[in-house]
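Just so you know, ligand 1 is whichever comes first in the structure, and atom 1 is the first atom listed for that ligand. As a basis for the values below, the full set of heavy atoms in this structure was taken, side chains included, without hydrogen atoms, waters or symmetry mates.
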Amino acid sequence: MKSVVELFCDMVRIDSESGNETAFVEYASELLEEELGADCELDAYGNLIAHVRGLESDAEAVALCAHADTVKPGIGIEPVVENGVVRSAGETILAADDKAGLAEIVEGARTATRRPPVDVIVTLGEEVGLLGAKSLDIDKVRAKMAFVSDGEHLNEVIIGGPTHITLNITVTGRAAHAGMEPEKGLSAIRVAAEAITKMPEGRIDHETTANIGIIEGGMIRNGVPETCTLKAECRSLDHQKALAQSKAMREAFERAAAESGATVEIDETVAYEARAISEDAPVVQAAIAAVRSVGLEPIAKTITGGTDALILCNRGIDAVVLGTGIQGAHSTDEQITVADLETASTIVRNLLESLA
Ligand SMILES: [Zn+2]
């Protein structure tokens, strides 16, 4: 039997940048069949759902989740294990995010002496907007409780996340020759600037933030710019605050447009809604006990980033994020220690045994 580190190294050698996860999902499907006797199926989106039978248990099913995709540069990753640390040899990420998560799930489940029925869910497109989790065919999932192995620190249990609202804004003014007859024009860039300076932005309060991330406008140096487009976002751990913030942003643009005679079009999307699971909930208690079982002091916390767990919560499955030991995710300095891979696997094993 391969060790968890060997499993992990096999996984990172299979390229799976977002959008190109097929080979990795095939590998994961075969691995879960071989190691856990799982019945694997793909949903219409391409997410893998592997049904694993219970062992010495007739408890309710639980889900263990990881994502298949990686960020860039993730082609041709060559893992190197040195002094108990795994790094990538070349100019790539390591892809511990999130292959460490899946390796730990497999190792934890196959070493458990008893376990409840498990749905192992491997999602696509997590890094590009939690796409797989949003499209997951929930009817194929038996579990009402899920553990997503995609966090960093082993002692942290992430129990909630924010509402995230995206705004695509287009300001339309009037084009004119900037040298010959500028008075006939109406600068969309200037109108956008007016709106931005009158809009709350940055850290709004301890749980709310807002940002204009991209601005593009104009075509030529000597033309009054007719259009200006902006991509903005806001998020808050409090859903109502996120709605209020996006309203303030919209109104700033609408006012600046109205005052200048420009028009504005705003396309707003609530990408996901804030949710925090009670610390008393069984899913949180089970995760906390599993962390404690390896001698760590657990911390339950909310974060202001989106996770597959938050999407699952939005879709009716109580889900938390477990730590994996990943360090420096989304960079070429990404690494993970062998010890953390092993400890995280033990956390998963103890978790399953406690729920059996
Ligand atoms: Zn991740």
Taking 4.0 angstrom as the limit, do Asp308 and Arg315 come out as a salt bridge?
no
Side chain to side chain contact (heavy atoms under 4.5 Å, CB included) partner of Ile311, the single match among Ile317, Thr123, Leu130
Leu130
How about the Zn ion (ligand 1), which protein N, O or S atoms come within less than 2.8 Å?
His67 NE2, Asp97 OD1, Asp150 OD1, Asp150 OD2
Please determine whether a side-chain nitrogen of the Lys or Arg among Glu226 and Arg174 lies less than 4.0 Å from a carboxylate oxygen of the Asp or Glu.
no
Salt bridge check: are Glu268 and Arg250 linked by an N-O gap of less than 4.0 Å?
yes
Might you confirm whether atom CD of Glu181 has over 12 heavy atoms from other residues, nucleotides or ligands at distances under 6.0 Å?
yes
Once rounded to the nearest 0.5 Å, what's the spacing between atom OG1 of Thr70 and atom CD1 of Ile14?
12.0 Å
